[in-house]
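Read the structure below first, then the notes.
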Amino acid sequence: MSDQTKATPSSNPTVVDDPYKRLEITRNPNGSLTRNPNRFPNTSATPDPDPTVPVLSKDVTINQTTHTWARVFLPRQKPLDTNKFPLIVYYHAGGFIHCSAASTIFHVFCSNMALELQAIVVSVDYRLAPEHRLPAAYDDAIEALLWIKTTQEEWLTQYANFTTCFVMGSSSGANIAYHAGIRVAEEADGLRPWKIRGLILHQPFFGGSVKVESELRLVNDPVLPPGVGDLMWELALPIGVDRDHEYCNPTTTKGTNLMEKLAAVGWKVLVTGCDGDPLIDRQVELVKSMEEKGVKVVSHFRMGDHHGVDFMQPDKANALFLVLKDFIASATSVTINANVE
């Protein structure tokens, strides 16, 4: 699956889709985007809902200047013993250009994850490209981690186990989690008293200047065809860099050298994916590169499905939650009482 072949849209006449139309965006003269506001509907937080609602949620400000914030998800039923909830810091998907922590698909996903894993989930809303190109999202991700260290938000101070923390993201959010993890690994001691146990990279979004076999095989993928991914990278990367920049391609020499920071800090890393995703070969290569650099990485790649399946089709997310439950338990050497059957 790791074979790489030069490919351009003109070399494959079946590629006729307009990625701007697919993404429902229009490029404005000043470089910003006009997005279809109805493409990804939002859901409001539920800080004190009907008692039958199993997970509470509320929005908290991180930085008023950059307008970043987070949605905190707290299981209503508190732990039966003296242990507090594990903490998962989550970064949503959207190709760096779409969605927020309030998007319904991620509200539902995080709420279900908090319930099934019996964990507090902090879903971070970060600045989007191209209005704020990378590394803006990475900066926001780091700021959110530092905010958690100092916040007096009572849901966190009362119920979060700050010695059992995980940094997680889906798709582009997994890319953010990865780069934020690398950056914060250099100063892991500065996060005390809370402790990161591992990174969870859920169908991570990476790329490169050379197409891999899965991208060619799934060139007409209905969810994330490579042409759409190409446009997302064009809008997100710093102006003037190519697709082998370390933000996009972690398996270049510079990218793999950065992995040594993860190896040095000793965190466990989980990479998940499926073979119906055009990005699967890049995810497999990421795992191989991490292994070569001594990172404590494990992977879970399943057959079929598609990119984003776990939040686009919530009924299919239970398989992922089982994997996460096992990973969290192995990374903390404890058993958590997940509600997954």
Would you check if the side chain of Lys84 reaches a backbone N or O of Thr157 as a donor-acceptor pair within less than 3.5 Å?
-> yes
Identify the residue among Ile239, Val241, Leu128 that makes a side chain to side chain contact (heavy atoms under 4.5 Å, CB included) with Arg133.
-> Ile239
Heavy-atom closest pair (Pro130 atom, Gly31 atom, distance to 0.1 Å) is CG-O, 3.2 Å
Report yes or no: does Lys268 contribute a side-chain atom to a donor-acceptor pair with the main-chain N or O of Gly266 at less than 3.5 Å?
-> no
Thinking salt bridges, do Arg302 and Asp277 make one under a 4.0 Å N-O criterion?
-> no
Greater than 12 external heavy atoms within 6.0 Å of Lys195's NZ | no
NZ (Lys296) with more than 12 external heavy atoms under 6.0 Å = no
Can you tell if the side chain of Gln118 reaches within under 4.5 Å of the side chain of Phe85, non-hydrogen atoms only?
-> yes
Should the pair Asp275-Arg217 be classified as a salt bridge under the 4.0 Å nitrogen-to-oxygen rule?
-> no
Report yes if the side chains of Phe205 and Leu279 come closer than 4.5 Å at any heavy-atom pair, otherwise no.
-> yes
Arg282/Glu215 ion pair, N-O < 4.0 Å | yes
Taking the side chain from Asn175 and the backbone from Cys248, do they hold a donor-acceptor pair closer than 3.5 Å?
-> no
Mind checking whether Leu145 and Lys149 have side chains closer than 4.5 Å, heavy atoms only?
-> no
For His107, the option from Tyr90, Phe73, Phe40 that meets ring-ring contact (aromatic ring centres under 6.0 Å, His included) | Phe73
Say whether, by atom type as modelled, one donor and one acceptor occur between the side chain of Ser100 and the main chain of Ala102 under 3.5 angstrom.
-> yes
Give the minimum heavy-atom separation between Asp125 and Thr68, together with the two atoms involved.
-> O-CB, 3.6 Å
Distance-only side-chain donor-acceptor flag, Ser172 / Tyr91, under 3.5 Å | no
Between the main-chain N or O of Ile328 and the side-chain N or O of Thr332, is there a donor-acceptor pair closer than 3.5 Å?
-> yes
Sidechain-backbone polar pair: Glu131 side chain, Leu33 backbone, donor-acceptor under 3.5 Å | yes
Which atom of Met168 lies closest to which atom of Ile88, heavy atoms considered = CB-CG2, 3.9 Å
Is any side-chain heavy atom of Leu262 closer than 4.5 Å to a side-chain heavy atom of Tyr178?
-> yes
Least distance between heavy atoms, Asp221 atom then Gly276 atom | OD1-O, 3.7 Å
How about Glu291: does its CD atom have over 12 heavy atoms from other parts shown lying under 6.0 Å from it?
-> yes
Looking only at side chains, do Ser123 and His92 share a donor and an acceptor under 3.5 Å apart?
-> no
Min side-chain heavy-atom separation Val60-Thr151 under 4.5 Å = no
Can you tell if the side chain of Leu117 reaches within under 4.5 Å of the side chain of Phe166, non-hydrogen atoms only?
-> no
Side-chain touch Leu286/Leu201, heavy atoms, less than 4.5 angstrom = yes
Nearest heavy-atom pair of Trp155 and Glu153: which atoms, and what distance?
-> N-OE2, 3.0 Å
Minimal heavy-atom distance between Arg197 and Thr164, with the atoms involved, is CG-CA, 4.0 Å
Hey, does Asp242 have a side-chain heavy atom less than 4.5 Å from the side chain of Ser209?
-> no
Backbone of Phe106 reached by a side-chain donor or acceptor of Ser103 within 3.5 Å | no
Sub-3.5 Å donor-acceptor pair from the side chain of Gln203 to the main-chain atoms of His306, do we have one?
-> yes
